[in-house]
Enquirer: 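Dumping the structure here so I can ask a few things about it.
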Amino acid sequence: MSAPQIATALYDTLISPNESDSNLEAANVVDGLFFIGRALFRLAKAVEALRPDEDRETVPAPPSAEDLEALRRATEEESQ
């Protein structure tokens, strides 16, 4: 198997043309992990809301969409 064939196989594995990210580009593994992480945080907040008041701990607010987008851009710039 040649290097271009291996590169194409890896790309096809990590990019999904059937899903779009927030920029309407083909979604990748990082986008999937981002959405899973956000869903887990929201689930944790919902579970925390079910606890009695005296047992509750302070749950930090999630990062804003602007903060997450800035982090995503910085990460993309570092990888280029």
Side-chain angles (χ1 to χ4, degrees):
M1 188 176 250
S2 70
Q5 289 173 320
I6 293 171
T8 299
L10 286 171
Y11 180 85
D12 290 344
T13 301
L14 299 174
I15 301 292
S16 173
N18 299 323
E19 296 293 329
S20 298
D21 65 7
S22 60
N23 297 327
L24 301 178
E25 298 171 341
N28 60 38
V29 172
V30 173
D31 296 311
L33 292 173
F34 168 78
F35 288 114
I36 290 168
R38 187 167 59 179
L40 287 172
F41 181 85
R42 289 179 178 170
L43 177 62
K45 284 188 71 170
V47 169
E48 182 72 20
L50 296 174
R51 295 176 66 183
D53 286 340
E54 63 273 5
D55 292 338
R56 286 195 189 167
E57 297 176 13
T58 303
V59 176
S64 69
E66 294 83 15
D67 291 340
L68 293 173
E69 187 59 33
L71 179 60
R72 180 199 289 265
R73 274 188 249 124
T75 303
E76 287 176 357
E77 289 171 2
E78 286 177 8
S79 66
Q80 293 177 355

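All of these numbers come straight from a predicted model, not from anything done at the bench. Sequence positions, counted from 1, serve as the residue numbers for this chain. Computation of the quantities below employed the complete heavy-atom set of this structure, encompassing side-chain atoms and omitting hydrogens, waters and symmetry-equivalent molecules.
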Enquirer: To the nearest 0.5 Å, what is the distance between CZ (F34) and CG (L71)?
Expert: 9.0 Å
Enquirer: Find the distance between CZ (R42) and CG (L40) and round it off to the nearest 0.5 Å.
Expert: 11.5 Å
Enquirer: Do F35 and L68 belong together in a cluster built from hydrophobic side chains that touch within less than 4.5 Å?
Expert: yes
